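As the structure is a computational prediction, the values presented were derived from the model and not from experiment.
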Protein chains: 2
Amino acid sequence: MDTRDWRREPEPKYWHLRTLLTEALDTEFSVGEVLPNERALAARYGVARATLRQALEQLELEGRLQRRRGVGTTVAPPRVGVDLSPSQHAWPGRPGDPWTVTAAAPAPPPPAVARLLDLPSGATVEIIHRTLTTHGRPVATEELYVPGAVSPPAPADPAEGPERARRLLRLLQECEPAGQDRTVELGAATAETAHRLDRLPGSPVLLVTTRYLTAGRTAAASVATYRADTCRLTFANQPALTALTG
Amino acid sequence: MDTRDWRREPEPKYWHLRTLLTEALDTEFSVGEVLPNERALAARYGVARATLRQALEQLELEGRLQRRRGVGTTVAPPRVGVDLSPSQHAWPGRPGDPWTVTAAAPAPPPPAVARLLDLPSGATVEIIHRTLTTHGRPVATEELYVPGAVSPPAPADPAEGPERARRLLRLLQECEPAGQDRTVELGAATAETAHRLDRLPGSPVLLVTTRYLTAGRTAAASVATYRADTCRLTFANQPALTALTG
DNA sequence: AAGTGGTCTAGACCACGGC
DNA sequence: CCGTGGTCTAGACCACTTA
């Protein structure tokens, strides 16, 4: 057993700096305000720029700051809540859904998704790309994977694009109300999603994987990528199952 | 509009390195294996140690690696799934609950929690600390906040400690089955929770805030901190509400 | 004591945004 | 063009674990 008192150990400079900056943010700055640049801040606190940046990274992770190359470091607004309650997303694409469809085309899914859908490797599915924007800024992208059995192509359909996507989503709406599985984990943005979210590659993101079920079978799956700095996922007022099934 | 093709731009060294290391992890290493030390890896790939560390940080964020000072860098096992379905946690502390109570005592809650519980600032609540351990490693800590109105102290109760906590949890079990609110967001471990989770201050964690409801009122609240590198939160097979309320 | 990852420095150059 | 944050270097020293 570790008998030392961890509280008495000297804390790293970047951590102390984080505390100082947090207090400064709480008292001296308001949302949207631009901080002094990194070189000036480093000088003010008497540390190397790399050390200061380590502290800023922490605060960005916590959603307190927003940094943009060529622009500067600004105080971030509170995170936006995104509702992931099952009732809100029984099927994606229902009327009033705030997501914007950007593309759709048949293609083979990544191996992890094929496993999720119980498909043989090599099978192709419809892949629908969507984006969620709030306050004029992109906060999430999603790929929705729909096996051909669920939504057979119509002869008149365009081969790809938003129009095809909208037809597919309309088809989904007509299915039975469905259950769903979700998992949430931390991830790092790939180059492509980073670009779509206006972030740098490797930025921390919340990865939400959903399995959509009809009659006990996996009808579709989606992988949504939320900007971890700007999003708070909410699962609203869910009655305990014991109250409903008992 | 940005017309450049972002795919053709040269990627940063640390990002390319991340790709190389990912491939190496997939083909040449198995779970638990120890990687060469950072100085050796940096030399092998012809980069500075700081650059190599940037790549390792990415992989740790993705849950692929685990680094421990004085020990080395090892290949991490797949993330453990933690079930956060409402049915699993109608109330904390039910029989079979895998959490371990570590402490309990009355104290004023942090301001954010007081707001959540709709309490005047200065009011005190019961604070119960719990820890979740899987495979012998701590993966989460939680503080459960219970207002005195819900669980009035009994004269014979010890002033604090696990015994008091267990009585409080027993009291909760006797209440009505309840609904709940949840939010999930990214956070940075404080010095104290970092210590409890065997991590460094500032490590990325998943912050799960839960409001427990009885008869439409907030009966209690909890803030749980999950190690983001080792945990995957799951919300199992939830029937769409339309199917239950319709 | 030896070897690991963690912290910190002081500098350089690059990519981007706005003027 | 200039100022911003992003990348990268080559070193030093520290804190921790293990033997």
Side-chain angles (χ1 to χ4, degrees), chain A residues 1-18 21 33-43 45-60 65-76 188-189 191 194-195 198-203 229, chain B residues 1-18 33-43 45-60 65-76 188-189 191 194-195 198-204 229:
Chain A
M1 191 57 189
D2 184 356
T3 55
R4 276 186 310 273
D5 186 347
W6 54 272
R7 274 160 298 199
R8 305 189 124 283
E9 297 174 20
E11 54 188 3
K13 267 189 194 176
Y14 77 89
W15 189 253
H16 182 229
L17 208 47
R18 188 205 78 109
L21 289 169
E33 208 169 338
V34 184
L35 267 62
N37 72 52
E38 297 184 348
R39 290 159 179 89
L41 282 176
Y45 290 104
V47 299
R49 194 178 151 218
T51 304
L52 177 89
R53 279 179 60 81
Q54 215 176 337
L56 293 184
E57 249 153 57
Q58 293 286 337
L59 291 166
E60 200 179 19
L65 291 180
Q66 204 149 346
R67 298 190 286 172
R68 301 191 61 181
R69 170 153 49 177
V71 179
T73 303
T74 56
V75 182
H195 180 255
D198 192 20
R199 302 256 61 200
L200 295 167
S203 302
D229 57 340
Chain B
M1 190 58 189
D2 184 355
T3 55
R4 276 185 310 273
D5 186 348
W6 56 271
R7 273 160 300 198
R8 306 191 122 280
E9 296 175 22
E11 54 188 1
K13 267 191 196 175
Y14 76 89
W15 189 252
H16 182 230
L17 209 45
R18 188 205 77 110
E33 208 170 337
V34 183
L35 267 61
N37 73 53
E38 296 184 348
R39 290 158 179 91
L41 281 176
Y45 290 104
V47 298
R49 194 178 151 217
T51 304
L52 176 89
R53 280 179 58 82
Q54 214 175 338
L56 293 184
E57 250 153 56
Q58 292 286 337
L59 291 167
E60 200 179 20
L65 291 181
Q66 202 151 342
R67 299 191 285 174
R68 300 191 62 181
R69 169 155 47 179
V71 179
T73 303
T74 56
V75 181
H195 180 256
D198 192 19
R199 301 256 62 200
L200 294 166
S203 301
D229 57 340

**Q.** OG1-CG distance between A:Thr51 and A:Leu17, expressed to the nearest 0.5 angstrom
**A.** 8.0 Å
Q. Excluding sequence neighbours, so at least two apart, what forms side chain to side chain donor-acceptor pair (under 3.5 Å) with B:Arg39?
A. none
Q: Measure the shortest side-chain to side-chain distance between A:Leu41 and A:Thr73 over non-hydrogen atoms and say whether it is less than 4.5 angstrom.
A: no
Q: May I have the distance from A:Leu200 (atom CG) to C:dG17 (atom P), rounded to whole angstrom?
A: 10 Å
Q) Within this structure, what is the CZ-to-P distance between A:Arg39 and C:dC13, rounded to whole angstrom? A) 13 Å
**Q.** Whole-Å distance separating the NE2 atom of B:His16 from the C1' atom of D:dT7
**A.** 16 Å
Q | Residue closer to the 5' end of DNA chain C, A:Lys13 versus B:Glu38 (nearest nucleotide) | A | B:Glu38
Q) Which residues pass the side-chain contact (heavy atoms from CB on, under 4.5 Å) test with B:Ala40, sequence neighbours left out? A) B:Pro36, B:Asn37
Q: Would you mind reporting whether A:Arg18 and A:Glu11 have side-chain heavy atoms less than 4.5 Å apart?
A: no
(Q) For D:dG6, does the base pair up with any side-chain atom of A:Arg49 as donor and acceptor (N or O, under 3.5 Å, distance only)? (A) yes
Q. Which residues pass the side chain to side chain donor-acceptor pair (under 3.5 Å) test with A:Arg68, sequence neighbours left out?
A. A:Asp198
(Q) For a quick test of reading the model: is some side-chain N or O of B:Asn37 closer than 4.0 Å to OP1 or OP2 of C:dG3? (A) no
Q) What is the distance, rounded to the nearest whole Å, between atom CD of B:Glu11 and atom C1' of D:dT7? A) 13 Å
Q.
Taking 4.0 Å as the cut-off, does a side-chain nitrogen or oxygen of B:Thr73 come that near to OP1 or OP2 on C:dG5?
A. yes
Q. Who passes salt bridge (Lys or Arg N to Asp or Glu O under 4.0 Å) against B:Arg69, sequence neighbours left out?
A. none
Q) At what angle, to 10 degrees, do the two end axes of the helix from C:dA1-D:dT18 to C:dG18-D:dC1 meet, given five pairs define each axis? A) 10°
Q) Listed in order of residue number, which residues of residues 50-58 of chain B have a non-hydrogen atom at under 4.0 Å from DNA chain D? A) B:Ala50, B:Thr51, B:Gln54
Q | B:Gln58: side chain to side chain donor-acceptor pair (under 3.5 Å) partners, not counting sequence neighbours | A | none
Q. Going by heavy atoms closer than 4.0 Å, what residues in residues 65-72 of chain A are next to DNA chain C?
A. A:Arg69, A:Gly70, A:Val71
Q.
Going by the rule side chain to side chain donor-acceptor pair (under 3.5 Å), which residues pair with B:Arg199 if we only count those two or more places apart in sequence or in a different chain?
A. B:Glu60, B:Asp229
Q) Looking at D:dT4, C:dC8, C:dG5, which one has an atom nearest to any side-chain atom of A:Pro12? A) C:dC8
Q) Taking CG from A:Leu17 and P from C:dT7, how many angstroms apart are they, rounded to a whole number? A) 13 Å
Q | Pairing residues for A:Gln54 by the side-chain contact (heavy atoms from CB on, under 4.5 Å) criterion, not counting sequence neighbours | A | A:Tyr14
Q: Look up atom OG1 in B:Thr74 and atom CG in B:Leu65, then write down how far apart they are to the nearest 0.5 Å.
A: 7.5 Å
Q: Among D:dC8, C:dA10, D:dG5, find the nucleotide with the atom closest to the side chain of B:Tyr14.
A: D:dC8
